[in-house]
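I have placed the structure first, in the form of structure tokens, so that the comments after it can refer back to it.
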Amino acid sequence: MNDEHSRALYDRALSVMPGGVNSTVRAAIEPYPFFVQKGDGGHVIDADGNRYVDWVLGLGPLLLGHDLPEQVRAEVQRTASEGPMYGAPTEIEVDHAEFVVRHVPSVEKIRFVNSGTEATTSAVRLARGHTGRNKIVVMQGGYHGAQETTLVEGDADNPRPSSAGIPQSFSEHTIPVPFNDEDAMREAFAKHGDDIAAVLTEPILCNYGIVYPEEGYHEFLREITDEHGSLLIFDEVITGFRVGGLGCAQSEFDITPDLTTFGKIIGGGFPVGAIGGKAEIMEGFTPAGDVFQAGTFSGHPVTMAAGLETLKFAAENDVYDHVNDLGDRLRRGLTDIVADQAPNYTVTGTDSMFKVIFTRDGPAPSSLEEQCPAGCRQDPTCPRYDYSPKNAADVKNAETDRWRRIFWGQMKEQGVFLSQNQFECQFVSYGHTDADVEETLEAYKQAL
Ligand SMILES: *Cc1c(COP(=O)(O)O)cnc(C)c1O
């Protein structure tokens, strides 16, 4: 594969951008990332004209793939041509808010912002303002954007910043616990219950290999937060309008969080975030309440048009059937290939998300009969159950170097673009086809 142009572009980029990129994960590809020239359905074409089946999809936002359906494209272009933005409210913001409130039962009111990071930052401030408490419980390894409260590592007794530039004293208000671990959560509440403003978690860990919750875990979180007067915040920046269709993951798990953060799909491929939830809590935001929140670009008309038209298109067409069906076929196909060629590895994902985690812990299960057929569900009767990753530490333990340095490049050589490391999620779009699935499964067969 020729990559001359990408190499030259990265050379130029290194002179003027830190690490040569505008977002860290893009540089995870070694020795340098390919630069994208354009998209085409479920594919991207790079600066040297190489074509890849694209399972990265902008890291999540592109539910419909790279070709926007005519009705979406027309609304985006019409809105942009009328003038970029105003600093005064527009009708399309109300339309989009009404759509979300109609489809996501826990959301009575919503505020649009410009990124998932901004959404989780504002949700945390709102939870602290609403409860008058300081501490936020998060899942170890969970990702909620590039913000001070959640860039933490360590454990409940020793939280510390996971990035330079964050005072240790900030991290003291964050309590990281392992996902799927009820005892650790009980302990955190026993120690700090009166000062816990919220538990903040993705309903499925999607930024750490895709880890599915154990049966009953979310019910447990709902109960323990209620018991202590803390809020439950679902970060649905990835799962929102992807898992569980228009009702989001919370409808699939039948859980009502107090607040939900959105991003990615809700803006149809343009910069976006949103915080939604119970009216009584949402009214805490200024100007209704006293938790300050503002943004020059918030509710940007072009973003609102792209997001709303994308979701309307999904509501009126077979989008979720299509992407979930292809996702299912990928996971089933991968489960067979892994059983054959790499029985230690674990296929994860649900709906239109998929991943193979290079689980290291041998020995492999002795029989794979009756394993979860289409992605790990943490089913205790599955022969793989004892080996399947249940939290971020388990995923971190996997063969992350083999995944990125050996396996990823072999997939790229075969024209398949997978997420830049072992941790990020992979997605299916409406633009993908049966042929893309077949080609990808064949490539996995060669590369694994
Ligand atoms: C991507 C992501 C974010 C951050 O969103 P940005 O738009 O990149 O700021 C927050 N939470 C989750 C779960 C995400 O996947």
Side-chain angles (χ1 to χ4, degrees), residues 1-13 20-23 25-70 72-73 76 242 264-265 268-270 306 310 313 319 322-331 333-334 337 349 352-356 403-422 424-448:
M1 245 176 209
N2 183 4
D3 59 6
E4 236 173 87
H5 284 89
S6 284
R7 181 155 41 85
L9 284 170
Y10 194 58
D11 193 13
R12 277 173 59 199
V21 287
N22 279 311
S23 191
V25 73
R26 296 176 200 170
I29 296 168
E30 293 188 47
Y32 42 83
F34 64 78
F35 281 60
V36 175
Q37 185 195 345
K38 62 176 181 184
D40 176 18
H43 294 215
V44 284
I45 292 140
D46 75 12
D48 293 279
N50 302 308
R51 174 182 281 270
Y52 308 93
V53 185
D54 177 18
W55 304 110
V56 176
L57 292 169
L59 292 158
L62 305 180
L63 177 64
L64 304 180
H66 294 283
D67 297 333
L68 297 181
E70 187 46 38
V72 181
R73 189 198 316 258
V76 168
R242 184 170 288 283
K264 298 188 172 130
I265 289 176
F270 291 81
T310 294
F313 184 87
V319 170
H322 180 87
V323 296
N324 293 348
D325 177 55
L326 292 192
D328 199 62
R329 270 197 255 174
L330 278 162
R331 289 186 302 272
L334 289 170
I337 294 168
S352 57
M353 311 190 301
F354 71 102
K355 193 87 184 174
V356 177
W403 199 100
R404 186 168 67 88
R405 292 173 182 276
I406 309 278
F407 164 75
W408 188 92
Q410 286 182 309
M411 294 298 284
K412 174 184 180 278
E413 280 305 304
Q414 298 178 83
V416 179
F417 181 28
L418 296 184
S419 59
Q420 291 95 331
N421 58 39
Q422 166 81 94
E424 314 280 338
C425 204
Q426 291 157 184
F427 305 98
V428 182
S429 78
Y430 196 57
H432 284 110
T433 63
D434 289 346
D436 295 329
V437 169
E438 292 311 315
E439 185 183 333
T440 300
L441 289 175
E442 205 45 51
Y444 267 95
K445 243 185 234 172
Q446 300 301 321
L448 277 179

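- Side chain of R331 to backbone of M353: a donor-acceptor contact under 3.5 angstrom is found.
- Taking every heavy atom of both residues into account, V323 and S429 meet most closely at CG1-C, 3.3 Å.
- Each salt bridge (charged side-chain N to carboxylate O under 4.0 Å, His left out) pair with one or both residues in residues 436-448, not counting sequence neighbours, appears once here: E442-K445.
- Looking only at side-chain heavy atoms (C-beta outward), R329 and D434 come within less than 4.5 Å of each other.
- Distance check, rounded to the nearest 0.5 Å: CD of E413 to CG of N50 gives 8.5 Å.
- With contacts defined as side-chain heavy-atom distances shorter than 4.5 Å, the pair L9/R12 qualifies.
- Residues R242 and V428 approach most closely at NH1-O, 3.0 Å, considering heavy atoms.
- For the atom pair CG of L57 and NZ of K264, the computed distance is 12.5 Å after rounding to the nearest 0.5 Å.
- Of all non-hydrogen atoms in M411 and A447, the two that sit nearest each other are SD-CB, 3.7 Å.
- Rounding to the nearest 0.5 Å gives a distance of 7.0 Å between NE2 of H432 and OG1 of T440.
- How far CG of L448 is from CD1 of I406: 12.5 Å, rounded to the nearest 0.5 Å.
- Of the listed residues (Q420, E30, Q422), just one forms a side-chain hydrogen bond (donor to acceptor under 3.5 Å, both in side chains) with R404, and that residue is E30.
- Going from atom CD of Q414 over to atom OH of Y52 covers 12.5 Å, rounded to the nearest 0.5 Å.
- Here salt bridge (charged side-chain N to carboxylate O under 4.0 Å, His left out) pairs that include residues 50-67, with residues two or more places apart or in two chains, are D40-R51.
- Between S419 and C425 the shortest heavy-atom distance is CB-O, 3.6 Å.
- For the pair F35 and S6, the minimum side-chain heavy-atom distance is below 4.5 Å.
- Within the 4.5 Å cutoff, the side chain of D3 has heavy atoms near those of the Y32 side chain.
- A distance-only check finds no donor-acceptor pair linking the side chain of W55 to the backbone of V416 [under 3.5 Å].
- Ring orientation note: the planes of Y430 and F313 are nearly perpendicular, at an angle over 60° on the 30°/60° scale.
- Here the closest non-hydrogen pair linking N421 and K355 is O-NZ, 2.9 Å.
- Across every non-hydrogen atom of D46 and F34, the tightest pair is CB-CD1, 3.6 Å.
- With values rounded to the nearest 0.5 angstrom, Q410 atom CD is found 11.5 Å from L418 atom CG.
- Checked against D48 for a side chain to side chain contact (heavy atoms under 4.5 Å, CB included), the options M1, R7, H5 give a single hit: H5.
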